[in-house]
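What follows is a short report on a single structure.
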There are 2 protein chains.
Amino acid sequence: MVANSDEMRRAAPRRQRTAREHGGTALDAPTTDDGQAGERRQEILEVAAQLFAEHGYRSTSIRDIADRVGMLPGSLYYHIRSKEALFVEIHDKALDAAAIRVRDAIEPLADPWDRLLAACEEMVEIQLNPGSLTLPIMNIFRSVPPEVKVALLRKRDEFETIFRLIVEDLPLPAELDRSIYRILLLRLLNTADEWYHEGRLTRREIAGQIVAIFRHDAARGETQA
Amino acid sequence: MVANSDEMRRAAPRRQRTAREHGGTALDAPTTDDGQAGERRQEILEVAAQLFAEHGYRSTSIRDIADRVGMLPGSLYYHIRSKEALFVEIHDKALDAAAIRVRDAIEPLADPWDRLLAACEEMVEIQLNPGSLTLPIMNIFRSVPPEVKVALLRKRDEFETIFRLIVEDLPLPAELDRSIYRILLLRLLNTADEWYHEGRLTRREIAGQIVAIFRHDAARGETQA
DNA sequence: CCTACCGATCGGTAGG
DNA sequence: CCTACCGATCGGTAGG
């Protein structure tokens with residue numbers, strides 16, 4: 001419905017990409033750095049998060065997001081700085097929210113296996129519930145531009161510390177490598193939305209199965225509770 | 001370096017997408033259905049497989065592939081029918097090759113845990129070795145067009161039968177759900193390239209760790225070998 | 001937040 | 001396999 005006429009292209013003044021040359025990169029998030037445009041902005045973040053989660057970074061266009069939020073594509077840029085910044089912001093906020101939820105879930109528990117179970121339950125819940133901003137955008141790496149990737153990875157490492165601590169406390173048999181153990185566990189949890197099929201088992205049961213598989217006690221001759 | 005001049009757009013004859021209306025869809029693979037253009041075609045498949053594996057479906061352009069293979073973008077279409085067909089063909093061939101390798105690896109073995117270990121070792125090897133066509137394109141779903149996805153899933157199910165049979169023979173404790181067990185295991189194996197970091201452990205050791213985690217014997221009070 | 005664009009890039013094609 | 005394109009779509013922008 002837009003720009004299709006060649007005749008109107010009258011000596012278009014050459015514009016180079018000088019935007020935001022006044023300090024800050026395209027990854028620096030909000031246009032307005034106060035909370036001003038808050039509510040509408042939140043809606044954009046949630047809509048975008050869902051689309052990114054479903055189709056990946058590259059296959060989700062600014063136009064898709066604008067459509068769903070009921071704006072024209074250009075108008076989005078009143079609220080966001082760039083597609084990249086939008087994605088990074090969603091990603092970081094989702095991880096922050098997830099970190100809080102997981103920490104809260106394990107905090108009252110003392111037994112290491114109980115803590116692992118609680119963390120897994122929480123993560124499965126987070127990944128499978130398309131609620132607000134705790135969304136499965138945790139594993140969209142392949143289609144993301146390289147510069148964005150480094151921003152994502154830094155935040156990722158931060159988040160995974162929680163699990164490093166949990167795994168450290170587990171009384172695992174010596175032959176298990178805790179680093180690999182943590183990586184494998186996180187991979188399953190973080191990609192839950194990709195392998196989970198709404199079916200016979202509840203989310204808690206799924207989490208229970210994961211822990212049942214990952215549960216190995218150092219004391220020889222002991223496996224499950 | 002191409003089409004930039006408006007003046008040359010002289011009453012461009014309207015062409016609609018009538019291509020290949022003579023039977024067959026865009027997913028039907030080769031242009032020449034004999035082996036004619038074989039060698040060059042093989043090169044295209046391998047180059048494309050690597051790029052798809054690295055950047056995903058959407059972020060890999062026909063131009064990227066053509067560049068690497070030393071052709072102009074349009075020339076690719078002498079060898080392939082469409083980007084979609086190319087991807088599906090690579091995917092299916094990779095799965096066929098993987099199926100053969102895994103079957104061959106477990107065939108001489110009788111013990112169910114030995115068979116699982118051999119299958120895991122083979123899968124890790126396949127996913128981590130960017131050799132020819134046995135490549136980690138097994139988990140590019142998010143950025144792929146919906147029609148392509150169904151073609152992929154059918155082939156996927158076929159492949160996963162191998163693991164269904166292996167898991168069926170495992171003397172697992174009753175509380176473990178074999179379906180979930182298989183899904184989780186396959187997820188780790190299929191995405192090995194995403195979580196593996198070249199490091200202290202060899203591929204075989206990685207496979208060993210996976211099996212160590214997934215190994216649970218029904219006989220109470222027994223865990224590892 | 002809309003109007004009205006831009007330049008780049010995409011998958012793909014006709015004709016040689 | 002190249003030349004020479006096409007129409008669609010992309011992220012993004014100036015100016016209101």
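In what follows, chains are A, B, ... by sequence order, proteins preceding strands, each numbered from 1. Just so you know, these numbers use all the heavy atoms, side chains as well, and skip hydrogens, waters and symmetry mates.
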Intra- and interstrand pairs of DNA chain D - dot-bracket, Watson-Crick/G-U under 3.5 Å, | marks other strand: ||||||||||||||||

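- A straight line from CG of A:Leu72 to P of C:dA4 spans 11 Å, rounded to a whole angstrom.
- Put simply, CD1 on B:Ile80 is 7 Å from P on C:dG12, counting in whole angstrom units.
- For A:Glu168 and A:Arg164, the salt-bridge test passes: some basic side-chain N is under 4.0 Å from an acidic carboxylate O.
- Applying the side-chain contact (heavy atoms from CB on, under 4.5 Å) rule to B:Glu194 yields the partners A:Arg142, A:Arg187, B:Asn139, B:Thr191; only residues at least two apart in sequence or on another chain are considered.
- Judged as a side-chain hydrogen bond (donor to acceptor under 3.5 Å, both in side chains), and not counting sequence neighbours, the contacts of B:Glu121 are B:Arg204.
- The ring-ring contact (aromatic ring centres under 6.0 Å, His included) contacts involving residues 140-164 of chain A comprise nothing, where partners must be two or more places apart or lie in separate chains.
- Pairs of residues two or more places apart, or lying in two chains, never qualify as salt bridge (Lys or Arg N to Asp or Glu O under 4.0 Å) while including a residue from residues 49-78 of chain A.
- Closest-nucleotide positions on DNA chain C for A:Gly74 and B:Pro73 were compared, and the one nearer the 5' end corresponds to A:Gly74.
- Checked against side-chain contact (heavy atoms from CB on, under 4.5 Å), A:Arg154 has the following partners two or more places apart in sequence or in another chain: A:Ala151.
- The distance from atom CG of A:Leu76 to atom C1' of C:dC2 is 13 Å, rounded to the nearest whole Å.
- Remark: P of C:dT13 and CZ of B:Arg81 are 10 Å apart, rounded to the nearest angstrom.
- Residue B:Tyr78 contributes atom OH, which lies 17 Å from atom C1' of D:dT3 at whole-angstrom precision.
- With sequence neighbours left out, the side-chain contact (heavy atoms from CB on, under 4.5 Å) criterion links B:Asp92 to B:Val88, B:Lys155.
- When the side-chain nitrogen and oxygen atoms of B:Tyr77 are compared with OP1 and OP2 of C:dG12, one or more of them lie within a distance under 4.0 Å.
- For A:Met71 and C:dA4, the CE to P distance is 19 Å, given to the nearest whole Å.
- Taking a 4.0 Å limit (strictly below) on heavy-atom distances, residues 59-68 of chain B does not reach DNA chain D anywhere.
- If you take CD1 of A:Ile44 and C1' of C:dC1, they are 10 Å apart, rounded to a whole angstrom.
- A:Tyr57 meets the ring-ring contact (aromatic ring centres under 6.0 Å, His included) test with A:Phe52, A:Phe87; sequence neighbours excluded.
- Going from atom NE2 of B:His79 over to atom P of C:dT13 covers 16 Å, rounded to whole Å.
- A donor-acceptor pair shorter than 3.5 Å can be found between the side chains of B:Gln42 and B:Glu46.
- Considering only side-chain atoms of A:Lys83, the nucleotide from D:dC1, D:dG12, C:dG11 that sits closest is D:dG12.
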